[in-house]
Each structure stands twice: as structure tokens, then as C-alpha cells.
Amino acid sequence: MTIVQNKDLTAWNTFGLKVSCACFVEYGSVAELEDLWKRNRDGLGLPETGGAGDGTAFPRPILHIGRGSNLLFTKDFPGTVFHSDIKFIEVDGGSDAVSVEVGAGVLWDEFCRWCAEQGLWGPENLSGIPGETGAAAVQNIGAYGVEAKDFIRLVKCFDCITGKTVAFKVSECRYGYRESIFKTSAKGRYVVTSVCFSLSSDSRPRLEYGHVRSAVDKVLEDSGKPLTPAMVRDVILSIRNSKLPDPADVGSAGSFFKNPVVPRSDYERVASIARIRHGDDCRVPHFDAGSGFIKIPAAWLIDQCGLKGYRDGNAAVYERQPLVIVNLTGEAAPEEILAVEKKVSDTVFSRFGIRLYPEVEHI
Ligand code: EPU
């Protein structure tokens, strides 16, 4: 276990913002987490009891992070940041349906690469997403037609109220588009310690999103071999690399905004504004979200407002994917990212009357 006071968090947020926290705690096992809880019940996000445990209370508030790949620190964090360093990948057996348990601290893409190496189908479309496995289960990460919930079986957690471990079936996690109970009704109560996935050694590619199928067909034609998860992973990584910034080169948190899901009447309004401004042939990309709702790509709305590459100081809208806000120079202050967010959000609202909501969590 590591406990550091006044920790620099630059390496712990993929925006690369130069922020710090009062205290940083990293634990390597469920036993260490239990020990922290026993020593300091108040410090682990429990309801206020007025006491400070054994006197070693961690500064509040408490924040659990993965790799900080979906966080925007708006200022120095005055409390304690917890991080799980629980790292293991264990196969539970099975032949075609393989159950694999992964520690919350395993880098998501390390798990994806491991699956590809083992020839196991499941997370290949989610290759290259920054962050860790525990956070992936909280956030229900998604890309290229697949979401983590599609192959999550169980989410094992530590309950900060009872001090016991508990396992949630996927149906109990109430997963939605980047949503789960861990972000809503049970926020702050549970710490994900590991995630059990249902993978398959039988071929089950999902290639219907965008240009994935045509890119895969090209690889198949060139190689002349049967399709493997590793081939799909390579295709996904090259699509991502062509569109999304690599956090190692330029700071970002991936998609900054959620794609808005709006009533059909709002979509009709956007379509008519688009026709007036860009001519009768202008078509709004959209997807049926059920129950009379339509999902419109935020990237398209932002692009139509001419904001691709928009820069304000050290922060900018990424020129190849306008859904992403970047720390362009590596020197951006939180206020500069917030100013670009406001510019994008206000411009889209005044042009289309659609409010964009951030996917990135503001801290
Ligand atoms: N578009 C434009 N201009 C652009 C880029 C895109 O008009 O410059 C329009 C196009 O019509 C395109 C549409 O926006 O078809 C959607 O773009 P894209 O398919 O690239 O995906 P997205 O909806 O912008 C979502 C996820 C990404 C995920 C991709 C691929 C959200 C908020 N984002 O983006 O997730 O990688 O699909 O599946 O749902 C993330 O969450 O951090 C993330 C990167």
C-alpha cells in the first residue's frame, strides 16, 4: 500500500492537467482495501458519523480513480484520491464460453491485448480505450458497436457501508449508454475490485459499425487467413489512431460530450436548420434510439458549427474528431479546457437548440 501526501496528479489524468491532491492512496488487494476500511471507516466514503476513526482520517472528500481517462480536474483536489492496483487476469475455465476474472487495476487495453493473444472474442472492438478495467465496468465503455456490458458477467465490489465484498450480476448493474448504478443510485458506495467477463473462443465478430467491416474484409483478403480477434483488434486500433489523439502525445479524455439523445421533434428541427443553412441535400446523421428518441452524433453538430480545430489558449477542439477537447500544448489550465467546453456547448445550443452534456466527469 502506498500513501502519499500532496501528490502531483499530472500523470493521473489523461488531459495532463497539472493538478494535485492532498493525499493519494494506492492499495494492491481486497485485503488492503478492507484494512483501510477497518482503520478508517469514515475516510472511505461512508456517511458522516462525526468521528475520525483511529485519528488517521484521510482528508475529504474521497475520490476513487482508474487512470483518470474520463476525468476533468477543474482545480487541485482538496481530499484523498484512492487508486486500485489490483492486477490479475484469471481464467475460470470453460471451453467455448470462457469466464475470465480481471482485477480492477489492470489497464483495459492490456486485457484487450491478452484476449487477442489467447484468441478470445469479446473486447476486441474496445481495443485502445484508455483507462482501467474497474472504471470500464463503472462507465460501461463503448466503441464500434460494442459496450462492455455485452460481455460483463459479474462486477465484484467492496461495499464501503458494510465493509463486505459483493458481486453484482450484469442485470443488476442497470447499464445504459455510459451509465450504471455505480454512477447513479449507488455512487460512492461501492469500489469495483474485479470484473468477470464471458468470452468466447468461437468466432463472433461484430463488424456492423461504420467502416469496420470493409476494413476487416481488406485485411482478410490480404492475409487469406480466417478472421481472428487479433485481426479485428488491429483494424480497430488503426481506425482509432487515425481519428483520436493518443493521450501519450496530446492530452484528452476521449469523447468530451455524450451523443445527445433527443425527441424526434428536436431532430426534425435540427434537420430543417441544416437544410436552411447548407441546402436541401444536407442530411443529419442519426440513429433510432427507440421510444420516439433519436441519437444525433455530437461530432456532427460541433463540426457544422465550424468548431473543428477551434483553439483558445492552450486548449482546443481536436481537428480530426471534434467530440474531443485536447490539451494542445500540454500546458492547459483547467479553466482553458472549461472555456472550450463552454464555447462548444453554447455554440451548438444557439445554432441547433440542442444541449450537449459532458461524458467527462468534472471534479
Ligand atoms: N462526424 C462529423 N465530423 C467529424 C467526425 C464525425 O460530422 O469530424 C459525424 C459523422 O457523421 C460520424 C458521426 O459524427 O458518422 C459519429 O462519429 P464517430 O463514428 O467517429 O463516433 P462518435 O459518435 O463521435 C462514439 C463514441 C466514441 C467511440 C466511437 C466509435 C460517444 C460519446 N463516443 O463517438 O467513444 O470511440 O463512437 O464507436 O459515444 C469515448 O467515449 O471516449 C469515445 C471515444
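Both counts, for ligands and for their atoms, begin at 1 and track the order of listing.
- Residue, atom and distance of the protein heavy atom nearest to atom 8 (O) of ligand 1 are Lys308 NZ, 2.8 Å.
- For the ligand labelled ligand 1, residue Pro322 lies inside the 4.0 Å heavy-atom shell.
- Using a 4.0 Å cut-off between a side-chain N of Lys or Arg and a carboxylate O of Asp or Glu, Arg206 and Glu124 qualify as a salt bridge.
- Nearest protein neighbour of atom 43 (C) of ligand 1, counting heavy atoms only, is Ser255 OG, 2.9 Å.
- Between Glu331 and Lys18 there is a salt bridge, since at least one side-chain N of the basic residue sits less than 4.0 Å from a carboxylate O of the acidic one.
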| message | Under the criterion side chain to side chain donor-acceptor pair (under 3.5 Å), I'd like the reasoning laid out for Thr10 against Asp8: C-alpha separation, chi angles, the key distance, then a yes or no. | response | CA-CA 6 Å; Thr10 312; Asp8 175 21; 2.7 Å; yes
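- Of all atoms in ligand 1, numbered sequentially from 1 with element shown, those under 4.0 Å from a heavy atom of Glu359 are 31 (C), 32 (C), 40 (C), 41 (O), 42 (O).
- One distance of note links CZ of Phe151 with CG of Leu199; it measures 7.0 Å at 0.5 Å rounding.
- Residue-level proximity to ligand 1 for Tyr209 is carried by the side chain, the only part with a heavy atom below 4.0 angstrom.
- With a 4.0 Å cut-off on non-hydrogen atoms, Ala143 touches ligand 1 through its backbone as well as its side chain.
- Atoms of ligand 1 lying under 4.0 Å from at least one heavy atom of Arg178, given by number and element, are 26 (C), 27 (C), 31 (C), 33 (N), 35 (O), 39 (O), 40 (C), 41 (O).
- Of all atoms in ligand 1, listed by their number and element, those nearer than 4.0 Å to a heavy atom of Gly254 are 42 (O).
- Using a cut-off of 4.0 Å between Lys/Arg side-chain N and Asp/Glu carboxylate O, Lys7 and Glu26 are scored as not salt-bridged.
- Distances between N or O atoms of Asn259 and those of ligand 1 include at least one value under 3.5 Å.
- For ligand 1, the atoms lying closer than 4.0 Å to a non-hydrogen atom of Tyr177 are 31 (C), 32 (C), 39 (O).
- Distances shorter than 4.0 angstrom do not occur between any heavy atom of Gln304 and any atom of ligand 1.
- Contacts of Pro297 with ligand 1, taken as heavy-atom pairs under 4.0 Å, involve the side chain alone.
- Salt bridge annotation for Glu179-Lys258: present, with a cationic side-chain nitrogen under 4.0 angstrom from a carboxylate oxygen.
- The contact set between ligand 1 and Asp303, taken as ligand atoms under 4.0 Å from a residue heavy atom, comprises 2 (C), 3 (N), 4 (C), 7 (O), 8 (O).
- Less than 4.0 angstrom separates some heavy atom of Gln321 from each of these atoms of ligand 1: 5 (C), 20 (O), 24 (O).
- Of all the atoms in ligand 1, the ones that sit under 4.0 Å from a non-hydrogen atom of Pro285 are 11 (O).
- With respect to the salt-bridge test (charged N to carboxylate O, under 4.0 angstrom), the residues Asp303 and Lys308 qualify.
- Ion pairing between Asp109 and Arg113 fails under the 4.0 Å rule for side-chain N and carboxylate O.
- Using a 4.0 Å cut-off to heavy atoms of Phe257, the atoms of ligand 1 that qualify are 32 (C).
- Note that CD of Glu336 and CZ of Arg311 are 9.0 Å apart. Values are rounded to the nearest 0.5 Å.
- A salt bridge does not link Asp288 to Arg264: none of the charged nitrogens lies less than 4.0 Å from a carboxylate oxygen.
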